[in-house]
> 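Okay, here's the structure, questions in a sec.
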Amino acid sequence: MSKYKKLVMPLIAVLGILLVAVFGHTLSVKSADNHDRIPIVFWHEMGGPSEDALEKVVDGFNKSQTKYKVIPKYQGTYDEAIQKILQTHNTSTSPAVFQAFDISTAQMLHSGYTTPVQNFIDEDNYDVSKISSVARAFYANKGKQQAMPFNTSQPVLYYNASLLKKYNITPPPVSPSYSDITRVAKELYEKSHHKVKGMTVQVYGWFLEQALANANAQLANNNDGHTGNPTKVSINNPDTVEFLEWIRENIKSGDFIDYGSGASAGANQTAGFLSDKVGIFIQSSASIGQLTKNNKNELGITYFPHPDNKKANGVAIGGAALWISNDKPKDVQRGAFEFIKYTLKPEVQAQWQKSTGYLALNKDSQKTSILKDLYAKNPESKVPGQQLATAKANYSNSGILMEGMQLTRQLEEIAMETVYNGGDIKKALDTDDKNINDNLTQLNRANGYK
């Protein structure tokens, strides 16, 4: 070893000892602080920009207190996540809090794997009155809140306001009837000399269910599963028939364009709308961001249409809720609920709506500068929230708590496609009733329900 190294090495060692002496206490406290935090593993299905927004929510919670640390983990699609949740329960890898989509609600309830958030609501005397009653009702059962709504959307009707101005067509009212939309669609088709199709309704079972909700009708018995496990479905009813007859009328008039079903259909109808090929379509309120960012035209939005002879009852929500796993210690479950409460704060909800297009569920969010600025820039962004706030929760617009909803929607879409292609409405719905009820009977038998 050189003379220089012999001199320097001891100095480095002494300096290291001094640094430990001076900073060691602070470092150990910080390390202990991080170590002492209770980890709350959070499984979610948010991807892309929504995942970025979710990460900010998690980061905000972690910085707001020092007792818990939420650890978000992406789990793929909604369907993939549900299977992982069911398969890992009672293992070390299961989450403390997880996101599950709307149509898996009955499956979660029947699993016995979750702790109702109502337990913590009661312990804390937590006031839920500020949270949308319609959104809460979807995830409640027999008077108890099972989970808390999180990323929430509603179906709304979008129209090309610029095209209507161009052809001197009176826009539809805020809460339109089927006839209101038919009038606009036919006028747009005729006045554009058939260059623009008036309207489309994507083949999507969710829309058919929403038509029933807005007509104050129910798909399944036992109040759509809210007062007991459903044992019978009646999709062939006057309100379903009226909804499909409305679409059939526009198909026959030539002002309707059929984009089919599935993800590609959704993308194609949006592309058709943005390129002036179709003037009216129904889609999730979460699409607002895309439709305002990439739209050269003025965007118009109304509530989901209702039957001519009925007042709008309000539509159910879509999206997902946050659930608490019951296989974790009480302190971990408590941390999960603290995180859920944080996500529902007015400012957090307001920023969530601005960043993602999902609806702010806390009524006080509307008072924040975040949403006031958003509405000043994009006034149409206010309409979906107004639709949600206007509706009063009842059994018809609080979702369908029934297992097998994934297959039910597929069967609903087969009936819709049959009608779109000229098939008999009654026959298509009779077939649908039989197939859905056969599946429901099998599921109830497998789960021990009569």
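Every heavy atom of this structure was used, including side-chain atoms; hydrogens, water molecules and symmetry mates were not.
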> If we ignore hydrogens and angles and just use 3.5 Å, is the side chain of Asp239 paired with the main-chain N or O of Leu212 as donor and acceptor?
no
> With distance as the sole test, does Asn439 use its side chain to make a donor-acceptor pair with the main-chain N or O of Asn435 at under 3.5 Å?
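Not at all, since once roles are kept as given, no pair shorter than 3.5 Å links the two residues.
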> Does a donor on one side chain and an acceptor on the other come within less than 3.5 Å for Thr240 and Asn237?
yes
> Taking atom NZ as the centre, does Lys232 end up with more than 12 heavy-atom neighbours from other residues, nucleotides or ligands that are less than 6.0 angstrom away?
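For Lys232, atom NZ is not crowded (no more than 12 foreign heavy atoms under 6.0 Å).
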> Determine whether the side chains of Thr441 and Asn444 contain a donor N or O and an acceptor N or O closer than 3.5 Å.
no
> Pairs in or reaching into residues 45-60: which pass salt bridge (Lys or Arg N to Asp or Glu O under 4.0 Å), with residues at least two apart or in two chains?
Asp59-Lys63
> Whether the side chain of Thr292 engages the backbone of Gly289 through a donor-acceptor N/O pair (distance < 3.5 Å, no angle test) should be reported.
yes
> Give every residue pair that meets the salt bridge (Lys or Arg N to Asp or Glu O under 4.0 Å) criterion with at least one member in residues 285-299, sequence neighbours excluded.
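Passing the test, one end in residues 285-299: Lys165-Glu298, Asp276-Lys296.
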> Is the backbone of Ala215 close enough, under 3.5 Å, to the side chain of Lys310 for a donor and an acceptor to pair up by distance?
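Such a contact is found between Lys310 side chain and Ala215 backbone.
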> Can we say Lys341 and Glu338 salt-bridge, meaning some charged N sits less than 4.0 Å from an Asp/Glu carboxylate O?
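Salt bridge between Lys341 and Glu338, a charged N being under 4.0 Å from a carboxylate O: yes.
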> Any donor-acceptor pair under 3.5 Å linking the side chain of Asn214 with the backbone of Gly314?
yes
> Counting only heavy atoms not in Lys277, do more than 12 fall under 6.0 Å of its NZ?
no
> Determine which pairs satisfy side chain to side chain donor-acceptor pair (under 3.5 Å) with at least one residue from residues 260-269, sequence neighbours left out, and list them in order.
Gln202-Gln269, Ser261-Glu417
> The test is side chain to side chain donor-acceptor pair (under 3.5 Å); show your working for Thr231 and Asn221 and say whether it passes.
CA-CA 7 Å; Thr231 57; Asn221 66 350; 2.7 Å; yes
> Return yes if some donor-acceptor pair links the side-chain N/O of Thr200 with the main-chain N/O of Ile257 below 3.5 Å, else return no.
yes
> Taking salt bridge (charged side-chain N to carboxylate O under 4.0 Å, His left out) as the test, write out the residues that go with Glu413, two or more places apart.
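Counting only residues at least two positions away or on another chain, Glu413 forms no salt bridge (charged side-chain N to carboxylate O under 4.0 Å, His left out).
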> Tell me the salt bridge (Lys or Arg N to Asp or Glu O under 4.0 Å) pairs involving residues 207-217, sequence neighbours left out?
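Applying salt bridge (Lys or Arg N to Asp or Glu O under 4.0 Å) to every pair that reaches into residues 207-217, excluding sequence neighbours, yields Glu209-Arg409.
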> Could you tabulate the donor-acceptor pairs under 3.5 Å formed by side-chain atoms of residues 372-381, not counting sequence neighbours?
{"from": "Tyr375", "atom 1": "OH", "to": "Gln353", "atom 2": "NE2", "distance (Å)": "3.2"}
{"from": "Tyr375", "atom 1": "OH", "to": "Gln366", "atom 2": "OE1", "distance (Å)": "2.8"}
{"from": "Ser381", "atom 1": "OG", "to": "Asn378", "atom 2": "O", "distance (Å)": "3.3"}

> Taking distance alone, no hydrogens or angles, what donor-acceptor pairs closer than 3.5 Å link side-chain atoms of residues 318-326 to residues at least two apart or in another chain?
{"from": "Ser325", "atom 1": "OG", "to": "Pro95", "atom 2": "O", "distance (Å)": "2.7"}
{"from": "Asn326", "atom 1": "OD1", "to": "His89", "atom 2": "NE2", "distance (Å)": "3.0"}
{"from": "Asn326", "atom 1": "ND2", "to": "Gly112", "atom 2": "O", "distance (Å)": "2.8"}

> Does any non-hydrogen side-chain atom of Leu299 lie less than 4.5 Å from one of Phe273?
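Phe273 reaches Leu299 side chain to side chain.
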> Could you tell me whether the side chain of Arg37 and the main chain of Gln65 form a donor-acceptor pair under 3.5 Å?
yes
> Regarding Thr91 and Thr93, do their side chains bring together a donor and an acceptor under 3.5 Å, going by distance alone?
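Distance-only check passes for Thr91 and Thr93.
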> Assess whether side-chain contact (heavy atoms from CB on, under 4.5 Å) is satisfied between Gln146 and Met108, documenting all intermediate values.
CA-CA 9 Å; Gln146 302 295 320; Met108 287 296 100; over 6 Å; no
> Is there any salt bridge (Lys or Arg N to Asp or Glu O under 4.0 Å) pair reaching into residues 438-449, and which pairs are they, with sequence neighbours excluded?
Lys434-Asp438
> For residues Tyr342 and Ser64, determine if any side-chain heavy atom of one lies less than 4.5 Å from a side-chain heavy atom of the other.
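Yes. Closest side-chain heavy atoms under 4.5 Å.
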> Within a strict 4.5 Å, meaning less than it, do heavy atoms of the Tyr126 and Ile340 side chains meet?
no
> Output yes when a side-chain donor or acceptor of Ser285 lies under 3.5 Å from a complementary backbone atom of Gln154, and no otherwise.
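Confirmed, Ser285 side chain pairs with Gln154 backbone.
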> Determine the interplanar angle of the Phe243 and Tyr178 rings, folded into 0 to 90°, and report it as parallel if under 30°, tilted if 30 to 60°, perpendicular if over 60°.
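Judged by the thresholds at 30° and 60°, the geometry between Phe243 and Tyr178 is tilted.
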> Is there side-chain contact between Ser287 and Thr270, with heavy atoms separated by less than 4.5 Å?
no
> Could you walk me through whether Phe337 and Thr115 satisfy the side-chain contact (heavy atoms from CB on, under 4.5 Å) test, starting with their C-alpha distance in whole Å, then the side-chain angles of each, then the deciding distance to 0.1 Å, before giving a yes or no?
CA-CA 10 Å; Phe337 185 66; Thr115 295; over 6 Å; no
> Would you sort out whether Lys311 and Ser175 count as a side chain to side chain donor-acceptor pair (under 3.5 Å), showing the intermediate values?
CA-CA 9 Å; Lys311 182 181 178 181; Ser175 181; over 6 Å; no
> Show the nearest heavy-atom pair for residues Thr368 and Ser365, with the distance to one decimal.
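So the minimum-distance heavy-atom pair works out to OG1-O, 2.7 Å.
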> Between the side chain of Lys328 and the main-chain N/O of Ser94, is any donor-acceptor distance below 3.5 Å?
yes
> Give me each pair satisfying ring-ring contact (aromatic ring centres under 6.0 Å, His included) with a member in residues 201-226, each pair once, sequence neighbours excluded.
Tyr204-Trp206, Tyr204-Phe207
> Any chance you could lay out the side-chain contact (heavy atoms from CB on, under 4.5 Å) test for Leu188 and Tyr159, step after step, and finish with the verdict?
CA-CA 11 Å; Leu188 183 55; Tyr159 66 90; over 6 Å; no
> Should Ile317 and Tyr139 be marked as a side-chain contact (heavy atoms from CB on, under 4.5 Å) after you check the CA-CA gap, both sets of side-chain angles, and the distance that decides it?
CA-CA 10 Å; Ile317 60 168; Tyr139 304 106; 3.7 Å; yes
> Could you check whether any side-chain N or O of Gln145 sits under 3.5 Å from a backbone N or O of Met148, counting only pairs where one atom can act as donor and the other as acceptor?
no
> Taking only residues two or more places apart in sequence or in another chain, which ones pass salt bridge (charged side-chain N to carboxylate O under 4.0 Å, His left out) with Lys363?
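Here no residue qualifies.
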> Passes ring-ring contact (aromatic ring centres under 6.0 Å, His included), Phe42 versus Phe339? Steps please.
CA-CA 10 Å; Phe42 170 34; Phe339 173 62; 5.3 Å; yes
> Report yes if some heavy atom in the side chain of Tyr74 is under 4.5 Å from a heavy atom in the side chain of His44; otherwise report no.
yes
> Could you check if a side-chain atom of Asp180 sits within less than 4.5 angstrom of a side-chain atom of Pro305, using non-hydrogen atoms only?
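The answer is no, as the side chains (C-beta and beyond) never meet within the 4.5 Å cut-off.
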> Can we say Asp433 and Lys426 salt-bridge, meaning some charged N sits less than 4.0 Å from an Asp/Glu carboxylate O?
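Looking at Asp433 and Lys426, the cut-off is not met.
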> Who are the salt bridge (charged side-chain N to carboxylate O under 4.0 Å, His left out) partners of Lys186, not counting sequence neighbours?
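If we apply the salt bridge (charged side-chain N to carboxylate O under 4.0 Å, His left out) test to Lys186, skipping adjacent residues, the hits are Glu249.
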> Can you give each donor-acceptor pair under 3.5 Å made by side-chain atoms of residues 393-408, sequence neighbours left out, with the distance rounded to 0.1 Å?
{"from": "Asn394", "atom 1": "OD1", "to": "Asn313", "atom 2": "ND2", "distance (Å)": "3.3"}
{"from": "Asn394", "atom 1": "OD1", "to": "Ser396", "atom 2": "N", "distance (Å)": "3.0"}
{"from": "Asn394", "atom 1": "OD1", "to": "Asn397", "atom 2": "N", "distance (Å)": "3.1"}
{"from": "Asn394", "atom 1": "ND2", "to": "Asn313", "atom 2": "OD1", "distance (Å)": "2.8"}
{"from": "Ser396", "atom 1": "OG", "to": "Asn216", "atom 2": "OD1", "distance (Å)": "2.9"}
{"from": "Ser396", "atom 1": "OG", "to": "Gln218", "atom 2": "NE2", "distance (Å)": "3.4"}
{"from": "Asn397", "atom 1": "OD1", "to": "Asn394", "atom 2": "N", "distance (Å)": "2.9"}
{"from": "Asn397", "atom 1": "ND2", "to": "Asn313", "atom 2": "O", "distance (Å)": "3.0"}
{"from": "Asn397", "atom 1": "ND2", "to": "Lys392", "atom 2": "O", "distance (Å)": "3.0"}
{"from": "Ser398", "atom 1": "OG", "to": "Asn394", "atom 2": "O", "distance (Å)": "2.6"}
{"from": "Glu403", "atom 1": "OE2", "to": "His110", "atom 2": "ND1", "distance (Å)": "2.7"}
{"from": "Glu403", "atom 1": "OE2", "to": "Asn447", "atom 2": "ND2", "distance (Å)": "3.2"}
{"from": "Gln406", "atom 1": "NE2", "to": "Asp79", "atom 2": "OD1", "distance (Å)": "3.3"}
{"from": "Thr408", "atom 1": "OG1", "to": "Gly404", "atom 2": "O", "distance (Å)": "3.0"}

